[in-house]
Amino acid sequence: MACLTSREGEVCLARPTDGSSLLVARLLEAAAQGDEGLVRALIQQGADPLYQDAEGHNALMQAAAHGHEGIVGLLLEAGVPWNAIDKEGNCAGDLAVAAAHESTAEMLLEAGMRAELVLGALERKLGGQPPAPQHQYLQQRLQYDAEERLMDAEDRAVMMAWEGPLMEAHAHAICSSGGDVLNVGFGMGLIDEAIQRRRPRSHTIVEAHPDVHARMLQQGWDRKPGVRILFGRWQDVLPEAGLAFDGIFWDTFSEYYEDMQEFHALLPRLLKADGTYSYFNGLAADNAFFHMVYCNIASAELQQLGLETEYVPLPIDCSNPKVWEGVRNRYWQLDTYMLPVCTLTVTAGDSGPPAAE
Ligand SMILES: C[S@@+](CC[C@H](N)C(=O)[O-])C[C@H]1O[C@@H](n2cnc3c(N)ncnc32)[C@H](O)[C@@H]1O
């Protein structure tokens, strides 16, 4: 999947198609009215099921908005993408949710998961590479600006102060046992400050960017109680460290869903039994339904690794345009943050690798 994990603000969109005939107008109307026979006949007569009108609506959106599940199934089978969006940025799933057609929304959620998982598997098979290698980010100069943001050289926000309450909640989740805690990605140190307030037995921080690392040293993080800093990419410094933790948080920048999957694959080794894992959940966070699909995909994949995920909804409001002034990547658009709390469920007797201290 080519989706970025979080902060770069990109979504996977379907393309609109052109279509001029009367047939397509009738197709949209028949889909809205629930006339499955007519929808089928119109497609057989050549109406393009992918057609989107001037508002960006397609037949799948019309059927979903009215809860016509038979037609939704038919159009998905005909190849209409689950994630086409209209001019207002809504996909068929958003419209089904808004109209409280729960089982229609569930159908589209499953279609979305299936499509994204197949796409991901295909990309892995074809050896797809992320388009922007991370070393470009790691070589850029970063700046901690007066608006309480960490910005890169291309005006992308790496971290922003409005996330403070979220970081507090993540710290609460991963420090629940008071044991050995790992944070991957220091940024502005918001979660690390919240972790320090909870006085865990040990507090390991992994950070790859030299400017951020310099800031950590300048602020004396290497001298704080229980703190160990591992400077380098987590890919390079963690697998060989031979450490295990009671709580882990992952929040990096300029990495892709594939990187996150790679990190998740380490969790059975990095987490102690009953340990808690959490991550910054910015997956496809500019559309509520896409976000829901990715939350489901992530929890299904974590389950295969032995982790049970619960999403705790937290209200969040960062809609004030001032917050995003001068920021190129508006990476958050939603009003609810789904905080993942993932617990490793290990069978008795499986003690894992040695503890962090
Ligand atoms: C979004 S910020 C983390 C913000 C942090 N949660 C906070 O509370 O301030 C992401 C951080 O991850 C670091 N990072 C990016 N890729 C990394 C990698 N592969 N390994 C370690 N750190 C990485 C970035 O340099 C940046 O400091």
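Each ligand, and each atom within it, is numbered from 1 in the order the structure gives.
A salt bridge links Glu255 with Arg233: the closest approach of a Lys/Arg side-chain nitrogen to an acidic carboxylate oxygen falls below 4.0 angstrom. Classification of Arg198 and Glu168 as a salt-bridged pair holds, one side-chain N sitting under 4.0 Å from a carboxylate O. The residues Lys272 and Asp180 are annotated as salt-bridged, a charged nitrogen and a carboxylate oxygen being separated by less than 4.0 angstrom.
There is no side-chain donor-acceptor pair under 3.5 Å between Glu116 and Tyr257. Checked by atom type, the side-chain pair Trp221/Glu207 shows no donor-acceptor distance below 3.5 Å. Side-chain atoms of Gln235 and Glu262 include no donor-acceptor pair closer than 3.5 Å. Using a 3.5 Å distance cut-off with no hydrogens or angles, the side chains of Gln62 and His57 do not pair a donor with an acceptor.
The residue among Gln140, Met167, Gln235, Arg215 with a heavy atom at the shortest distance from atom 19 (N) of ligand 1 is Gln235.
The atoms of ligand 1 that sit less than 4.0 Å from any heavy atom of Gly185 are 3 (C), 5 (C), 6 (N), 11 (C), 12 (O), 13 (C). Those atoms of ligand 1 that come under 4.0 Å of a heavy atom in Gly232, given as number and element, are 20 (N), 21 (C). Atom numbering of ligand 1 starts at 1 in the shown order; those under 4.0 Å from a heavy atom of Ile191 are 6 (N), 7 (C), 8 (O). Within ligand 1, the atoms closer than 4.0 Å to a non-hydrogen atom of Glu255 are 19 (N), numbered from 1 in the order shown.
Close N/O approach between Thr252 and ligand 1 is not found [any backbone or side-chain N/O within under 3.5 Å]. The shortest N or O to N or O distance between Val184 and ligand 1 is not under 3.5 Å. Annotation: Leu150 places no N or O atom under 3.5 Å from an N or O atom of ligand 1; distance criterion only. Between Phe186 and ligand 1, an N or O atom pair is found at a separation short of 3.5 Å. Taking distance alone, with nitrogen or oxygen atoms compared against 3.5 Å, Gly187 approaches ligand 1 more closely than that limit. Residue Met188 has at least one N or O atom closer than 3.5 Å to an N or O atom of ligand 1.
Taking the six-membered ring where tryptophan is involved, the planes of Tyr277 and His264 are perpendicular, since the angle between them exceeds 60° and thus also 30°.
Met61 and Met107 are not part of a single hydrophobic cluster, where members link through side-chain heavy atoms under 4.5 Å apart.
Between Gln134 and ligand 1 there is a heavy-atom distance shorter than 4.0 Å. The shell of residues lying under 4.0 angstrom from ligand 1, judged by heavy atoms, includes Tyr137. Under a 4.0 Å heavy-atom criterion, Ser254 is not in contact with ligand 1.
The side-chain tip of Arg215 does not point at the ring of Phe186 from less than 6.0 angstrom away and within 45° of straight on.
At a heavy-atom distance under 4.0 Å, only side-chain atoms of Val212, from C-beta outward, approach ligand 1.
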